[in-house]
2 protein chains.
Amino acid sequence: MPKRVDHEQRRRQIGEALLRIASTRGLQSATMREVAAEAGVSLRLVQYYFHTKEQLLLAALAYLAQQLTERVSASIRALGPITSRAVVYGTLTAILPTDEESVRLTRAYTGFYTLVFSSEAEMATRHGATYPDKLESLLATQIAAAQEAGEVVTDVDPPLTAAALLALTNGLGSSVLGGQRDGAAALRILNDQLDRLFHTGESSTAKDSSHGS
Amino acid sequence: MPKRVDHEQRRRQIGEALLRIASTRGLQSATMREVAAEAGVSLRLVQYYFHTKEQLLLAALAYLAQQLTERVSASIRALGPITSRAVVYGTLTAILPTDEESVRLTRAYTGFYTLVFSSEAEMATRHGATYPDKLESLLATQIAAAQEAGEVVTDVDPPLTAAALLALTNGLGSSVLGGQRDGAAALRILNDQLDRLFHTGESSTAKDSSHGS
DNA sequence: CCTTTTCTGATACGAACGTATCATGATGCG
DNA sequence: CGCATCATGATACGTTCGTATCAGAAAAGG
């Protein structure tokens, strides 16, 4: 038997190359040959590890979801005390394209997302719908908890508000990716809304309490 | 000279065919041949009226923007008395995919939008950025006017809030297009937010004041 | 040592794309 | 009445895509 290389590492290397292309040149530029070149391997190797292109896309999407999840929990963890507000703030800012990494992730994610409602897309049911739903119910739970703690007024509907916050963040992300505004401006808008929800008087972010334009 | 047909009508017929494809099978399925078949003309005719595919896309985008604009003003007009709140409500609900026409428009629009930050896209500067900006400043003006009228509390920042509302609506639209929820659910979420902004006590929509899940 | 299995490379194939070319009715003007 | 010109049709070309095929190198096992 031959050199016995780590298959999973190889697959990951190729999948990451696809994500890199998706976040720079767009998913429609992620052809088999481009991915192979980006990963520094031959086209045959890509075919060897992924029999078909759909398998490659599916694997790359899984890698992307994993990275997104890791980023969300890292963002929450970085905020220190795990309060409901920190979870909400950390979750939303993690998926807002503000720094280089989040721009990469959201760009790639948007590519997959639009691939879903174009093609008949059997991959729609796999990740596309379940991932935002999880995020949304997580947010709803935290908002309800914040209500119990008196940080949020009781007349807001947690599921409705959670959905609104997530949709707001996604919409802001799209505007950043589309070049309408930069990440800092999007963050200001999000913070403004969060401040209105969590009526503690202080701004959500630690570094700056003013949100003037 | 031959039959002397109306060129503009022909171009429109072909452009609409592209939009129809974009909103059903996706923009990447809108090939020259598909557009020709959808419009019921020959491929040569499409080439005759649009020398290159980019010209066709540009023209179709212009048609789409025009239809969107018309829909927004029609939606505002249908609300009767032109109050600030009606303008805001009419604008946002017009671009939310709730009925068949708005689904068509938003689907097509999303296709163009994602085409922009994939390709180097010279068409990004033409419509992509200016259209949302116009909507946003319109909303900001109306929110400020509502503040003057006492319908909105004075501590909200009109530009920031306008941006948030538009981003929220876009995000909700994406979730509807992605199949995460239906148009009615998205409308409930939007109404919930508008009710919180315009503290008149009544729901924004005329038909139902409850927003329970 | 040599077989057998695992991995990698070069190249070919059919389809679909955007675009270009050749050819041909139809019509209004001189 | 013809002929130049606008409008349309049929088809070809070169490229790129996903995928398939043919084949060679490298290392464990007998």
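Every chain is numbered from 1, with letters handed out A, B, ... down the list of sequences.
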Side-chain N or O of [X] less than 4.0 angstrom from OP1 or OP2 on [N]?
X     : N     : result
A:Y48 : C:dC7 : yes
B:S42 : D:dT8 : no
B:Y49 : D:dT8 : yes

Report the distance from atom [atom1] of [X] to atom [atom2] of [N], rounded to the nearest whole Å.
X     : N      : atom1 : atom2 : answer
A:L45 : C:dG9  : CG    : P     : 7 Å
A:H51 : D:dT21 : NE2   : C1'   : 13 Å
A:L56 : D:dC17 : CG    : C1'   : 14 Å
A:R10 : C:dT6  : CZ    : C1'   : 13 Å

Using a strict threshold of under 4.0 Å (side-chain N to carboxylate O), is an ion pair present between [Y] and [X]?
X      : Y      : value
A:R85  : A:D195 : yes
A:R188 : A:D192 : no
A:R12  : A:E8   : no

base_contact_polar (D:dT21 base, A:R44 side chain, donor-acceptor, <3.5 Å) = yes
query = For the side chain of B:Q47, counting heavy atoms from C-beta on, which of D:dT8, C:dT19, C:dT8 is nearest?
reply = C:dT19
So which protein nitrogen or oxygen atoms get under 3.5 Å of nucleotides 16-18 of chain C's nitrogens or oxygens?
unit_1, atom_1, unit_2, atom_2, d
C:dG18, OP1, B:K53, NZ, 2.5
C:dG18, OP2, B:M32, N, 2.9
C:dG18, N7, B:R33, NH1, 2.8
C:dG18, O6, B:R33, NH2, 2.9

key: Bracket string, DNA chain D, 5' to 3' - pairs by Watson-Crick or G-U geometry under 3.5 Å, | interstrand   = ||||||||||||||||||||||||.|||.|
request  = Could you pull out the closest heavy-atom pair between A:V156 and A:V152, with the gap in Å?
outcome  = CG2-CG1, 3.6 Å
task = Would you please say whether a donor-acceptor pair under 3.5 Å links the side chains of B:T130 and B:D133?
result = no
message = To the closest 0.5 Å, what do you measure between CZ (B:R25) and CD (B:E38)?
response = 5.5 Å
query = Does B:T69 reach the main-chain N or O of B:A65 with its side chain, forming a donor-acceptor pair under 3.5 Å?
reply = yes
key: Side-chain heavy atoms of B:L27 within contact of B:Y113, under 4.5 Å   = no
message = Please check if the number of heavy atoms outside A:E100 that lie under 6.0 Å from its CD is greater than 12.
response = no
